[in-house]
Trainee: 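Dropping a structure here in structure tokens format, bear with me for questions.
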Number of protein chains: 2
Amino acid sequence: MTSTELLPIGSVAASTGASVSTVRYYEEIGMISVASRVGGKRRFHPETVGRVSFIRRAKEVGFSLGEIRSILDDEAGGWLGVVEDKIDELDRRRGRLELMIAMLKEMRDCGCEAVASCPRSDDFALEPESSSSVATP
Amino acid sequence: MTSTELLPIGSVAASTGASVSTVRYYEEIGMISVASRVGGKRRFHPETVGRVSFIRRAKEVGFSLGEIRSILDDEAGGWLGVVEDKIDELDRRRGRLELMIAMLKEMRDCGCEAVASCPRSDDFALEPESSSSVATP
DNA sequence: GTATGACCTCAAGTCAACTCGAGGTCAAGA
DNA sequence: TCTTGACCTCGAGTTGACTTGAGGTCATAC
């Protein structure tokens, strides 16, 4: 064997930027597979590093752990659907983000004292709901 | 007076998409100003609707209530700084989002069985940290 | 030989942003 | 008259994603 180099939790944490407790937590909730134990201590497969990094990046972008899990762990091919949906959602989100950025830039340049009194902010407050979404409660 | 038309909480909720409890909650934590009471019932200024809508849109895009408050309520002009910072942050976030979308699309098209086994996902797992942020621990 | 650091478990705490439930008031309509 | 609906307060519960704390085990460094 080319020495599979199992990693202690500290290395996984260090090379992913997650905290040791977070890695333990991810193991506990099944986001990563249960590590083998050597003398009671966790030894992780190196691939866990990639997985944890993926989780962190995906979280930054706004995926929940549940969504990440369904993308990462789908064995039946359904992950494609999840990903397609997510692409759509992210595209929409990007659209809103761009709107928000544009609006903030306009507000920055329009000379208002405060956002609350800036007429530009109205554009943003108006409903851009056209696609299906929240049912009115 | 042109009848300032104070609104009951239900109208505010209905025209913003927030729930009645959320509007109460926003008042309680000072996200919106305390409504006057008529017979114990809240009557909101119409401008509250714009404010709550703004809050909701901003939240969708990823602002926390705290950030929204600092943008909306800064009387001293510091909101410009907050907004500038936020524009930068949103630009970065959009960058990551685009990366994520691109990666997911590649994965969608690359024929892998699962994301976990897709080499494309490594690109995403690698650190794209170049600007200031987390110190390598 | 003891102290430090990395690790362990298990339970509980935290934080944001709500949400719910119990118990009550009040006005308008059938 | 009775009931429905909109509103009220206050306190507690929820969810997601961790974080912290108490108390303990080892191995290595000084």
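Please read all numbers here as calculations on a predicted model, not as lab measurements. Letters A, B, ... mirror the listed sequences (proteins, then strands); counts begin at 1.
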Trainee: Between B:K59 and B:K41, who's closer to the 5' end of DNA chain C by nearest nucleotide?
Mentor: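 First, find each residue's nearest nucleotide; the 5'-ward one identifies B:K59.
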Trainee: Without decimals, in angstroms, what is the distance between A:E60 CD and D:dG16 P?
Mentor: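 After rounding, the reported distance stands at 21 Å.
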Trainee: Does this structure show an ion pair linking A:E27 with A:R51, if we count only N-O contacts that are shorter than 4.0 Å?
Mentor: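 Here A:E27 does not pair with A:R51 in a salt bridge, since their nearest N and O are not under 4.0 Å apart.
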Trainee: Can you tell me how far OG1 of A:T16 sits from OH of A:Y26, rounded to the nearest 0.5 angstrom?
Mentor: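 Interatomic distance, A:Y26 OH to A:T16 OG1, rounded to 0.5 Å: 8.5 Å.
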Trainee: Separation of B:Y25 atom OH from D:dG13 atom C1', in whole Å?
Mentor: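 Going from OH in B:Y25 over to C1' in D:dG13 covers 14 Å.
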Trainee: Could you grab the distance from atom OG of A:S11 to atom CG of A:L6, nearest 0.5 Å is fine?
Mentor: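 CG of A:L6 is found 11.0 Å from OG of A:S11.
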Trainee: Is A:S19 near enough to D:dC18 that one of its side-chain N or O atoms lies under 4.0 angstrom from OP1 or OP2?
Mentor: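 No.
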Trainee: Check every nucleotide of DNA chain C for an atom under 4.0 Å from a heavy-atom of chain B, then give the first and the last such nucleotide from 5' to 3'.
Mentor: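 Boundary nucleotides touching chain B, in 5' to 3' order, are C:dA17 to C:dT19.
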Trainee: Roughly how many Å is it from CD1 in A:I9 to P in D:dC26, rounded to a whole number?
Mentor: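 Distance check: A:I9 CD1 to D:dC26 P gives 18 Å.
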Trainee: Measuring to OP1 and OP2 of D:dC18, would you say a side-chain N or O of A:Y26 lies under 4.0 angstrom away?
Mentor: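 Answer yes for this pair, as a side-chain N or O of A:Y26 is under 4.0 Å from OP1 or OP2.
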Trainee: About how many Å separate CD of A:E47 and CZ of A:F54, when rounded to the nearest 0.5 Å?
Mentor: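 Here the interatomic distance stands at 14.0 Å.
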Trainee: Strictly distance-based, threshold 3.5 Å: is any side-chain N or O of B:R57 a donor or acceptor partner for the main-chain N or O of B:I55?
Mentor: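 No, B:R57 side chain to B:I55 backbone: no donor-acceptor pair under 3.5 Å.
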Trainee: Hey, does B:R24 reach any base, or is it just sugar-phosphate, or nothing, if we go heavy atoms under 4.0 Å?
Mentor: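 Contact class for B:R24: base.
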Trainee: Rounded to whole angstroms, how far apart are CZ on A:F63 and C1' on D:dA17?
Mentor: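 Spelled out: CZ on A:F63 to C1' on D:dA17 is 17 Å.
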Trainee: In whole angstroms, how far is the P atom of D:dC8 from the CD atom of B:E27?
Mentor: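 Nearest whole value for this atom pair: 8 Å.
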Trainee: Output the rounded distance in Å from CG (A:L65) to C1' (D:dT19).
Mentor: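 Result: 15 Å.
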Trainee: What's the shortest heavy-atom distance between B:I32 and B:V23, and which atoms?
Mentor: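 So the minimum-distance heavy-atom pair works out to CD1-O, 3.7 Å.
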Trainee: At less than 4.0 Å, is any side-chain N or O atom of A:T22 found next to OP1 or OP2 of D:dT19? Yes or no.
Mentor: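 So the side-chain polar atoms of A:T22 do come within 4.0 Å of the phosphate oxygens OP1 or OP2 of D:dT19, strictly under.
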Trainee: Tell me: CZ of A:R37 to P of D:dT25, nearest whole Å?
Mentor: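 Going from CZ in A:R37 over to P in D:dT25 covers 18 Å.
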Trainee: Restricting to non-hydrogen atoms, name the atom on B:A35 and the atom on B:R43 that form the minimum distance, rounded to 0.1 Å.
Mentor: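 The answer is CB-O, 3.4 Å.
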